[in-house]
Colleague: 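Pasting a structure below so you can have a look.
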2 protein chains.
Amino acid sequence: MPKTTTLKDVASQAGVSYQTVSKVLNGKANVTPETESRIWDAVEMLGYKPNVSARNLRTQSSHLIGYAWRALDENRPVLDRFLYKAAQTAEEHGYHLLTFLIGSDDLMDTQTYQAMYDRRQVDGFLLADTNQNDPRIAYLIEQGIPFTSFGQANKNWDFCWVDVDGQDGIEQVVDHLLERGHQRIAMLGWPAESQTGQHREAGYRSKMKEAGLPLETEWMVRVDNTVQAGAEGVRQLLALPTDKHPTAVVCISDVIAIGAMNGLAAAGLQVGQDIAVTGYDDIPMSEFLHPPLTTVRQPITAVGQAVVDLLLKQINNQSIEQKGILLKPRLVVRRSSGVMRL
Amino acid sequence: MPKTTTLKDVASQAGVSYQTVSKVLNGKANVTPETESRIWDAVEMLGYKPNVSARNLRTQSSHLIGYAWRALDENRPVLDRFLYKAAQTAEEHGYHLLTFLIGSDDLMDTQTYQAMYDRRQVDGFLLADTNQNDPRIAYLIEQGIPFTSFGQANKNWDFCWVDVDGQDGIEQVVDHLLERGHQRIAMLGWPAESQTGQHREAGYRSKMKEAGLPLETEWMVRVDNTVQAGAEGVRQLLALPTDKHPTAVVCISDVIAIGAMNGLAAAGLQVGQDIAVTGYDDIPMSEFLHPPLTTVRQPITAVGQAVVDLLLKQINNQSIEQKGILLKPRLVVRRSSGVMRL
DNA sequence: AACGTTCGGGCGAACGTTCGCTTTACCCAT
DNA sequence: ATGGGTAAAGCGAACGTTCGCCCGAACGTT
């Protein structure tokens with residue numbers, strides 16, 4: 001193990017005190033240009049890199065952002081993109097992402113967050129997959145711990161979040177289907193607890209209502225976010241009497257849409273021709289499905305960046321002009337929503 | 001900001017010196033049971049949590065494992081499972097995963113690893129998506145920095161790795177297809193640089209040879225790991241003269257298999273009936289494709305665990321009985337490999 | 001000639017641990 | 001009584017920084 005070089009090594013090389021080296025490195029020094037360059041030369045020569053533990057101890061901060069993985073679910077493609085951009089933004093500001101695991105036990109989970117923060121292992125948290133009344137959020141607010149969430153929560157809570165306007169996204173989808181002449185539009189949504197699901201569902205309801213179309217309860221099917229559940233969902237729709245068969249199925253995610261497309265193909269229907277299917281997320285594969293999937297693209301990288309920006313402002317006690325940021329998604333039309341035969 | 005409680009607080013509460021508290025907490029103390037319980041009570045009462053920065057500074061270790069994200073590629077489903085289990089195993093030993101980003105510039109990348117380690121920000125690294133002669137591996141070996149990789153590399157290099165026997169996996173696939181009577185078996189592989197791709201390809205070659213079947217060069221198509229490329233791959237196969245059309249397509253990954261299935265469906269072929277398709281990875285969706293995909297399931301969680309175990313042994317200077325671990329995958333038969341009509 | 005000011009840089013202290021060595025007190029054998 | 005041994009806990013130092021304050025020299029002013 002090669003001896004690690006410290007400030008003192010650099011100092012004796014440059015012929016100054018080690019504290020002066022520290023100041024120069026942090027740009028807080030008042031030194032002659034030649035002393036400064038002597039110091040930089042020494043730093044370069046010895047390949048000095050500051051020891052983060054020492055710095056963290058002194059500055060009482062870890063320059064680490066905690067992010068908890070709850071489980072490996074079907075939403076990973078979205079979360080991965082989110083995390084990637086978040087990590088990138090964090091690094092631009094000298095921070096890194098620290099991963100830890102939580103389960104599904106609310107009490108235990110908040111304790112995990114608490115432990116991480118109490119030990120000063122992280123300076124703050126990033127949350128995703130939050131629910132309405134998420135106990136983690138309640139806890140973090142109460143403790144005054146810096147955090148930002150991807151996703152809204154209880155309207156009465158005051159905290160930083162970034163979200164994509166799911167209602168708007170589905171409204172764009174339904175508008176698109178209405179334009180193509182569809183009237184019997186069904187929706188495969190998520191279980192009712194899901195807050196994100198509720199927002200997207202609201203988009204479906206509002207546009208159907210606006211178009212003067214009936215909100216048939218049979219057309220609103222709630223399923224888990226898996227391919228299998230999507231296939232099962234369309235099976236339910238196809239079990240309806242023929243005059244109630246939808247001509248379009250709005251799916252709340254691409255994963256479900258893939259299941260729906262499989263299920264419809266298995267029933268002998270040509271997606272994009274006999275029936276329209278739409279998704280949500282624009283996962284990489286969507287473009288290359290058979291047929292390519294009409295879907296909604298969320299500005300995930302913008303979310304990742306905004307979330308980290310907001311978090312760092314909290315950590316560094318900077319003023320925050322706007323605590324909640326709602327971004328608009330964008331409809332991506334492909335062949336799965338076909339052309340309606342009128 | 002509530003004042004953080006330190007060893008000294010606990011000590012004065014328990015009426016001992018703070019160093020004694022430290023010893024008790026680390027199980028290195030020689031104290032009367034009653035003193036010990038007084039200390040534990042104080043710890044409990046004040047909710048004391050050790051400050052990791054201070055501990056890290058003192059012990060010269062960060063209890064952090066570095067993992068670099070190279071990019072968001074189609075292999076994420078596998079890497080996510082790997083990472084999840086790695087994080088879990090790490091936590092069982094008091095370590096956490098620290099994420100950082102690298103690009104594709106070899107020199108810059110090794111510098112990033114170097115910087116992370118020199119600052120003592122991490123105690124070691126986990127690598128994935130490695131190539132033959134990966135410069136990161138060369139660098140880490142040379143510097144004597146602890147690391148373990150998911151995937152082998154240059155046979156002449158001496159380092160810790162865990163891998164899944166890709167040759168064996170594809171051999172199982174080909175055996176399965178041969179049993180079903182297939183003779184005209186094609187393969188969609190990865191670009192020739194990919195070491196993992198080479199291993200899997202070797203499985204194809206060896207079994208074809210063993211069965212006395214010709215290795216037609218047209219049946220070996222190399223494509224990128226995307227759905228699109230898979231579809232393009234089968235298009236090439238279908239462009240062959242009819243008597244050279246394969247009856248089975250062995251795909252090197254599920255992602256490519258999905259593309260292949262799409263491409264075949266688009267050409268009017270019934271996968272699992274007119275032609276067999278197999279994948280590799282058993283991504284969550286495979287089971288629910290149309291038809292369900294015959295594929296190879298890798299023991300990814302075992303890999304994640306083994307990789308971390310090996311790394312921690314290096315970090316803690318424990319003896320390592322075996323530096324390279326090769327695990328066997330398992331064939332999962334579903335309907336996409338159909339039943340050959342003989 | 002005596003006196004502020006400014007510049008360049010040194011110095012001590014502290015962040016919260018861990019760890020090895022010392023000290024105190026007590027017990028027992030001589 | 002004296003000494004040796006051990007158990008229990010204290011003590012000093014160190015890990016590598018950052019930060020505020022102090023100090024000496026050089027300078028110009030009255």
Side-chain angles (χ1 to χ4, degrees), chain A residues 1-40 42-43 46-64 94 115 117-121 123 316, chain B residues 1-40 42-43 46-64 94 115 117-121 123 316:
Chain A
M1 185 150 337
K3 191 192 169 311
T4 126
T5 95
T6 73
L7 277 182
K8 298 191 181 176
D9 300 323
V10 176
S12 68
Q13 171 75 25
V16 293
S17 76
Y18 68 93
Q19 294 97 331
T20 302
V21 177
S22 167
K23 284 176 187 167
V24 167
L25 264 52
N26 293 311
K28 306 190 174 180
N30 212 355
V31 291
T32 54
E34 75 175 305
T35 307
E36 171 143 9
S37 76
R38 263 205 337 275
I39 292 180
W40 282 115
V43 165
L46 301 174
Y48 169 77
K49 303 266 173 36
N51 178 307
V52 293
S53 294
R55 170 182 305 203
N56 291 343
L57 174 59
R58 180 60 233 233
T59 62
Q60 298 286 63
S61 74
S62 64
H63 283 254
L64 253 31
Y117 191 74
D118 285 352
R119 294 162 180 266
R120 293 296 181 274
Q121 193 142 29
D123 292 345
N316 300 315
Chain B
M1 183 148 340
K3 190 191 167 311
T4 128
T5 96
T6 73
L7 276 182
K8 297 191 181 176
D9 299 323
V10 176
S12 68
Q13 169 75 24
V16 293
S17 75
Y18 68 92
Q19 295 96 330
T20 302
V21 177
S22 166
K23 285 176 185 164
V24 167
L25 264 51
N26 292 312
K28 306 192 172 179
N30 214 353
V31 291
T32 54
E34 76 177 303
T35 307
E36 172 144 10
S37 75
R38 262 206 337 276
I39 291 178
W40 283 114
V43 165
L46 301 174
Y48 169 77
K49 303 266 173 36
N51 177 307
V52 293
S53 294
R55 169 179 304 198
N56 290 344
L57 173 59
R58 179 61 233 229
T59 62
Q60 298 286 64
S61 73
S62 64
H63 283 253
L64 251 31
Y117 191 74
D118 284 352
R119 294 161 181 267
R120 293 296 181 272
Q121 193 143 27
D123 292 346
N316 300 314

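Because the structure is a prediction, the values reported are computed rather than measured. By convention in this document, chain letters (A, B, ...) are assigned in the order of the sequence lines, proteins followed by strands, and residues within each chain are numbered from 1.
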Colleague: Given that B:T20 and B:L57 both sit by DNA chain C, which one's nearest nucleotide is further toward the 5' end?
Modeller: B:L57
Colleague: Cation-pi check for B:Y117 against B:R120: NZ or CZ below 6.0 Å from the six-membered ring centre and within 45 degrees of the axis, yes or no?
Modeller: yes
Colleague: Closest approach of B:V10 and B:I39, non-hydrogen atoms and distance?
Modeller: CG1-O, 4.2 Å
Colleague: Which is true for A:S53 with a 4.0 Å heavy-atom rule: it touches a base, it touches only sugar-phosphate, or it touches nothing?
Modeller: nothing
Colleague: So, for A:S62 and A:Q121, which heavy atoms are closest and what is the spacing to 0.1 Å?
Modeller: OG-O, 3.1 Å
Colleague: Mind listing the closest non-hydrogen atom pair of A:T5 and A:Y48 along with its distance?
Modeller: O-CD1, 3.4 Å
Colleague: Ignoring the backbone of A:S17, work out which of C:dG10, C:dG8, C:dC11 is nearest its side chain.
Modeller: C:dG10
Colleague: Mind calculating the distance between CG (B:N30) and P (C:dA25) to the nearest angstrom?
Modeller: 18 Å
Colleague: Closest-nucleotide mapping onto DNA chain D: is B:V31 or B:T59 further toward the 5' terminus? I mean the 5' end.
Modeller: B:V31
Colleague: At under 4.0 Å between heavy atoms, what does A:V16 touch on the DNA or RNA strands: base, sugar-phosphate, or nothing?
Modeller: sugar-phosphate
Colleague: For a side-chain contact (heavy atoms from CB on, under 4.5 Å) check, start with the C-alpha distance between A:V24 and A:V31, then their side-chain angles and the critical distance, and finish with the verdict.
Modeller: CA-CA 8 Å; A:V24 167; A:V31 291; 4.0 Å; yes
Colleague: If you assign each of B:R38 and A:T6 to its closest nucleotide in DNA chain D, which residue comes earlier from the 5' end?
Modeller: B:R38
Colleague: Sequence neighbours left out, what pairs pass side-chain hydrogen bond (donor to acceptor under 3.5 Å, both in side chains) with at least one residue falling in residues 29-38 of chain A?
Modeller: A:T32-A:T35, A:E36-A:W40
Colleague: Under 4.0 Å from a heavy atom of chain B: give me the 5'-most and 3'-most nucleotides of DNA chain D that qualify.
Modeller: D:dA8 to D:dG16
Colleague: Evaluate the criterion side-chain contact (heavy atoms from CB on, under 4.5 Å) for residue pair B:V52 and B:H63; output intermediate values, then yes/no.
Modeller: CA-CA 9 Å; B:V52 293; B:H63 283 253; over 6 Å; no
Colleague: With a 3.5 Å cut-off and heavy atoms only, can you find an N or O donor on one side and an acceptor on the other between the side chain of A:Q19 and the base of C:dG9?
Modeller: no
Colleague: Students often get this wrong, so: under 4.0 angstrom with heavy atoms, is A:N26 touching a base, only sugar-phosphate, or nothing?
Modeller: sugar-phosphate
Colleague: Base, sugar-phosphate, or nothing: which does B:S22 touch, judged by heavy atoms less than 4.0 Å apart?
Modeller: base
Colleague: In whole Å, I'd like the distance from the OH atom of A:Y18 to the C1' atom of C:dG10.
Modeller: 10 Å
Colleague: How close do B:A11 and B:S17 get, heavy atom to heavy atom, and via which atoms?
Modeller: CB-C, 3.6 Å
Colleague: Apply side-chain contact (heavy atoms from CB on, under 4.5 Å) to A:N51 and A:T6, showing your working.
Modeller: CA-CA 8 Å; A:N51 178 307; A:T6 73; over 6 Å; no
Colleague: Based on Watson-Crick and G-U pairs with both distances under 3.5 Å, what dot-bracket line describes DNA chain D 5' to 3', crossing pairs as [ ] and inter-strand pairs as |?
Modeller: ||||||||||||||||||||||||||||||
Colleague: Ignoring hydrogens and angles, answer whether the base of C:dG8 and the side-chain atoms of A:K23 contain a donor-acceptor pair closer than 3.5 Å.
Modeller: no
